[in-house]
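Down below is the structure, laid out as structure tokens.
What's counted below: heavy atoms across the whole structure, side chains too, no hydrogens, waters or symmetry copies. The chains referred to below are lettered A, B, ... by the order of the sequence lines, with proteins before strands, and numbering in each begins at 1.
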Amino acid sequence: MSPYRSRFCPSPTGLLHLGNLRTALLNVLLAIKSGGTFILRIEDTDVDRSKTEFSEAVCDDLQWMGLHWQEGPRIGGPEDSYYQSERNSIYQDFYDKLLEENQIYPCFTSEEELKIIRRNQMAAGEPPRYNGIWANASKEEIEEELEKGNKPVYRFRLPKDKTIIFKDLVKGEQSFHTSDLDDFIVRKKDLSPTFMFANAIDDSLMGVNVVLRGDDHLSNTPRQIALLKALNLEIPEFIHVALFTGDDGAPLSKRNGSLSVKELKEIGYFPQAVINYLSRVGHTISDNELRNIHELSSVFNIGNISTSPSKIDHTQLNFWQKSVIESISIEELSSWLESSLEDLPKDVNKDSFVGLIRDNITFPADAVRYLKNLFINPLDSEKEVEDLIKQTGSHFFKIAEKIIEDNWGDWSKTMKLIGEETGAKGKNLFMPIRASITGQLSGPELDQVIEVMGLERVLRRLQEASSL
RNA sequence: GGCCCGUUCGUCUAGUGGUUAGGACAUCUGGUUUUCAUCCAGGCAACAGGAGUUCGAUUCUCCUACGGGCUACCA
């Protein structure tokens, strides 16, 4: 595989979410795998919606996820700027050239007029398309509008009756007729470039040789190819990946399960869990190995990219999260949980506690729950626990307390004695003990729990239970 | 409306002109735990529908349905 120069080019109008992230990841994997370069470019051409805070967040989020770029914001590269808002002089040269060659033309039809035209076309059962009234306007007509102070947009003169064919590396050959497309706008009234223009030009100027993007861009591709051809610019290869949808099949949004990187971070997801999940959505990896980004890139394969859309599934994401928790060291786990463990009593060994709950947690919040229930919250803070303890009666706990104190260090003997003394066995024996000591109805093996808690604390718990 | 993309277990997916249609996650059951969780083992579960091509189609073709995209002075 020859080195690919891939790119990710978000517009800073919001936070990065699982869908964008997947596209970014695939581009990174492609670059690493081919020994190429991953470029980050900020497409902030929409002045009203673009915000600096978002472009900063995008960079932070990608870095946190371990998706590093070799050219782009913060680190620079061959280009003067990787923010499109700072590249206007470059675009100006192309506009000049295109205008001179009569490949673009000014159009004075206002947005309101366009809306009306479109509505009428729809009503008449015609395809809503720019009617091309300004395509062949005379110099005089144009002068007249300019004199009136009217500002034009510029449209690209799309070649007539041509078929544009390109090969999508995943979907195969795609063909579009220019008669189904219209003269699209390349420059807005405020002189800023449109996506269709700046995106295609920058890809080419930056030497991007593979454009891996969402399926939603598929029908933009012939337009961009036509534009690049008109400018004699290099045309990259294309991969359009099927969309990643919400659990209802609709485009990914907050209400159908998408999470922003910010939220993922707050919930406590490991970047590694996220990339292992994401690299298996719409892309096949035949085994269930947990991998780092380099290992993922080596099993990444364009031919394994699927053509059909996939739905987000948090249980699968969480599976990878648990898989990371299983695989890392106690030290790493402890530092992951650091801020969640602030309330852990000083006399409790942090690593022992973390080791104890490791198999029973998915997120830091789960660790907090154990911490609170084991060491802080009173026994009546969870209803089921309180009910069970009251139902069992204080007699049981008084007996248990004495036996545990006398036999500390031999848990199986302890439980046997409590069973004999109280007549309880099985569930009726273990659940009240578990409930009173741990404040929960489920959790790790009891002998391990009491070891971490210590005799004093366990006895205090039993006393609390008998006086409930 | 036009153009385009897509449709295999609940989910992510593998796969082939003849297969017991495979795996993973979830779920269910059993085992371990004198309890629950964890862990381990096993089970359930799918080719959107209709035509055609063919000795034979889940696989190839067409149509329909459904989902999605583009058709923006958003990207």
Side-chain angles (χ1 to χ4, degrees), chain A residues 9-14 43-46 48-50 84 107 109-111 114-115 118 121-130 151-155 168 171 174-177 179-182 184-196 198-199 213-223 240 242-243 245 247-251 277 280-288 304 306-320 322-323 326 357-361 412 415-416 419 424-435 438 440-447:
Chain A
C9 39
S11 64
T13 55
E43 305 216 324
D44 50 356
T45 53
D46 186 335
D48 295 334
R49 297 200 304 144
S50 296
Q84 289 187 325
C107 165
T109 312
S110 71
E111 283 181 81
L114 284 171
K115 251 178 219 158
R118 247 178 248 129
Q121 286 170 328
M122 296 275 250
E126 290 164 24
R129 249 203 297 285
Y130 177 64
K151 297 229 163 46
V153 298
Y154 286 84
R155 289 179 181 272
D168 182 289
K171 290 161 127 50
Q174 307 288 314
S175 90
F176 291 83
H177 299 279
S179 55
D180 293 321
L181 313 168
D182 51 10
F184 57 91
I185 296 173
V186 292
R187 189 175 214 184
K188 304 176 206 168
K189 207 188 325 193
D190 66 3
L191 301 182
S192 66
T194 58
F195 157 81
M196 208 68 83
N199 175 265
R213 62 197 343 186
D215 228 354
D216 50 340
H217 287 294
L218 188 62
S219 41
N220 290 151
T221 303
R223 291 172 239 257
H240 291 94
L243 262 23
T245 74
D247 45 24
D248 55 358
Y277 168 62
R280 286 171 174 84
V281 171
H283 174 255
T284 303
I285 295 175
S286 54
D287 58 41
N288 259 11
N304 288 154
S306 140
T307 53
S308 50
S310 3
K311 290 181 187 168
I312 191 170
D313 185 348
H314 293 275
T315 62
Q316 267 163 87
L317 173 57
N318 292 351
F319 165 78
W320 290 104
K322 295 211 69 154
S323 171
E326 224 171 83
I357 60 173
R358 173 186 202 127
D359 288 339
N360 290 274
I361 59 172
S412 66
M415 288 309 289
K416 214 172 150 197
K425 56 183 171 182
K427 202 166 192 151
N428 290 332
L429 170 62
F430 273 76
M431 281 318 262
I433 295 289
R434 172 177 291 286
T438 72
Q440 293 186 187
L441 263 27
S442 75
E445 298 282 356
L446 275 172
D447 56 340

Scan A:Lys416 against the nucleic acid and name what it touches under 4.0 Å (heavy atoms): base, sugar-phosphate only, or nothing. base
A:Phe319 aromatic ring stacked with six-membered ring of B:C25, 5.5 Å and 30°: no
Counting primed atoms, P, OP1 and OP2 as sugar-phosphate and everything else as base, the B/S/- map of nucleotides 57-75 of chain B against protein heavy atoms under 4.0 Å is ----------SSBSSSBBB
### A:Asp46 bridged to A:Arg49 by N-O distance under 4.0 Å
yes
message: So, does A:Lys311 get its side chain near the phosphate of B:U11, meaning an N or O under 4.0 Å from OP1 or OP2?
response: yes
If we take the P atom in both B:A46 and B:C9, what is their distance in whole Å? 9 Å
TODO: Check whether the side chains of A:His177 and A:Asp180 place a donor and an acceptor atom closer than 3.5 Å, and report yes or no.
DONE: no
A:Gln316 atom CD is separated from B:G23 atom C1', nearest whole Å, by 12 Å
Between A:Ser310 and B:U13, is there a contact of a side-chain N or O with OP1 or OP2 at under 4.0 Å? yes
From CG of A:Asp287 across to P of B:A14 the rounded distance in Å is 14 Å
Base, sugar-phosphate, or nothing for A:Lys427, non-hydrogen atoms under 4.0 angstrom? sugar-phosphate
Can you find an N or O donor on one side and an acceptor on the other, under 3.5 Å apart, linking the side chain of A:Arg280 with the base of B:C12?
no
* Which part of the nucleic acid does A:Gly214 contact within heavy-atom distance under 4.0 Å: base, sugar-phosphate only, or nothing? -> nothing
Practice prompt. Looking at every strand, decide which applies to A:Gln121 at a 4.0 Å heavy-atom threshold: base, sugar-phosphate, or nothing.
Written response: nothing
